[in-house]
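All remarks here apply to the structure that follows.
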Number of protein chains: 2
Amino acid sequence: MKPSSASDCCPAPKSEPDLRPIEGEEADEELAVLAKAVGHLARVQILRILVRRTTCVCGDIVDELPLAQSTVSQHLKVLKDAGLIRGEVDGPRVCYCIEPRALRRLKVLVAGL
Amino acid sequence: MKPSSASDCCPAPKSEPDLRPIEGEEADEELAVLAKAVGHLARVQILRILVRRTTCVCGDIVDELPLAQSTVSQHLKVLKDAGLIRGEVDGPRVCYCIEPRALRRLKVLVAGL
DNA sequence: TATACGTATCGTAGTATAACGATGAAACCG
DNA sequence: CGGTTTCATCGTTATACTACGATACGTATA
């Protein structure tokens with residue numbers, strides 16, 4: 001097992017202000033996309049796993065869920081397409097981590113309701 | 001047009017503390033259900049309409065969306081099933097309003113990510 | 001180079017969602 | 001009573017989602 005350059009892919013939270021509007025058609029669409037991505041138990045659990053560990057998680061996500069590898073991979077893709085997570089290739093494996101900016105955006109949009 | 005007893009169905013925010021856990025299997029499931037309900041543009045827009053007006057909205061929701069009446073009715077049902085809104089029958093129409101408790105719950109769960 | 005490992009992608013089947021028009025049911029108005 | 005308004009439900013069609021096994025692909029290790 002390699003040390004893995006996991007620390008590379010998890011960006012520091014970087015609290016640069018988010019200037020995007022919190023209302024309007026575009027914000028609505030954004031919220032819908034983000035919420036839809038979160039709208040599945042498996043994906044909520046994946047997010048929880050990634051949030052809990054500040055470091056990146058390589059693949060062991062599959063072991064924590066009662067789902068086939070291909071299914072988990074699909075859920076990861078959904079989250080990635082929504083921008084909520086990022087996957088960094090690290091040798092033979094892939095390291096996933098939260099995209100803090102998107103998660104913060106989701107929180108802001110929901111809080112704005 | 002009747003005065004409508006709209007004020008009856010919109011409960012005061014009532015900030016009684018929410019003792020439900022913010023994590024764990026049950027919370028995850030709850031978040032998934034709520035997020036799924038929000039995960040559609042039309043439903044986000046409906047929520048926005050209901051939040052904006054503190055008073056209940058009787059049916060004019062259909063006029064504000066570019067969707068057929070039956071489609072809007074379905075979306076309302078989804079939101080109602082998720083517990084996010086409530087529909088009070090008021091004579092021939094139905095008054096919809098936010099269920100503050102559920103909305104607050106959603107905010108707490110998302111913020112807890 | 002061959003083998004093993006970790007993931008992604010493909011193909012598929014079953015189920016759910018979204019949209020609409022048409023129809024129904026309940027409450028009001030004439 | 002008969003018609004109108006308001007909303008829900010039904011039936012249908014098209015599309016999307018979820019899950020799985022099988023397979024392909026890239027990277028390390030023997």
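What you see below is based on every heavy atom in this structure, not just the backbone, and it leaves out hydrogens, waters and symmetry mates. In what follows, chains carry the letters A, B, and so on, assigned in the order in which the sequence lines appear, proteins first and then strands, with residues in each chain numbered from 1.
Remark: nothing in residues 45-53 of chain B comes within less than 4.0 Å of DNA chain C through any heavy atom. DNA chain D lies under 4.0 Å from at least one heavy atom of each of the following residues of residues 61-77 of chain A: A/L67, A/A68, A/S70, A/T71, A/Q74, A/H75. Of all the residues in residues 30-41 of chain B, not one reaches under 4.0 Å from DNA chain D with any non-hydrogen atom.
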Scan nucleotides 4-6 of chain D against the protein and return all N/O pairs shorter than 3.5 Å with their distances rounded to 0.1 Å.
none

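Distance OH/A/Y96 to NZ/A/K80: 4.5 Å, rounded to 0.5 Å. Residue A/L109 holds its CG atom at 9.0 Å from CG of A/D28, rounded to the nearest 0.5 Å. Put simply, CD1 on B/I46 and CG on B/L65 are 5.5 Å apart, with the number rounded to the nearest 0.5 Å. Here the straight-line distance linking atom CG of B/L50 with atom CG of B/L79 works out to 8.0 Å at 0.5 Å rounding. In this structure, CD on A/Q69 lies 11.5 Å from CD1 on A/I61, to the nearest 0.5 angstrom. The NZ atom of A/K77 sits 11.0 Å away from the CD1 atom of A/I85 when rounded to the nearest 0.5 Å.
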Which is it for A/R48 and B/E23 under the side-chain contact (heavy atoms from CB on, under 4.5 Å) test, yes or no, and what are the steps along the way?
-> CA-CA 9 Å; A/R48 280 266 157 77; B/E23 277 187 26; 4.2 Å; yes
Mind running side-chain contact (heavy atoms from CB on, under 4.5 Å) on B/V51 and B/L103 for me, showing each step along the way?
-> CA-CA 10 Å; B/V51 167; B/L103 186 59; 4.2 Å; yes
Under the side-chain contact (heavy atoms from CB on, under 4.5 Å) criterion, do A/R105 and A/D18 qualify, and how do the steps go?
-> CA-CA 8 Å; A/R105 181 68 178 153; A/D18 196 333; 3.6 Å; yes
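For the pair B/D90 CG and C/dC28 P, the computed distance is 8 Å after rounding to whole Å. Between B/E88 atom CD and C/dA26 atom C1' there is a gap of 16 Å when expressed in whole angstrom units. To the nearest angstrom, C1' of D/dT18 lies 9 Å from CZ of A/R43.
With sequence neighbours left out, B/E99 forms a salt bridge (charged side-chain N to carboxylate O under 4.0 Å, His left out) with B/R86.
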Which side-chain N or O atoms in residues 32-44 of chain B pair as donor and acceptor under 3.5 Å with protein atoms at least two apart or in another chain?
| residue | atom | partner | partner atom | Å |
| --- | --- | --- | --- | --- |
| B/H40 | ND1 | B/A42 | N | 3.1 |
| B/R43 | NE | B/A37 | O | 2.6 |
| B/R43 | NH1 | B/H75 | ND1 | 3.0 |

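With respect to B/E26 and B/R20, no salt bridge is recorded, no charged nitrogen being found less than 4.0 Å from a carboxylate O.
Cluster membership for B/V78 and B/L67, using ILVMFWY side-chain heavy atoms within less than 4.5 angstrom, is not shared.
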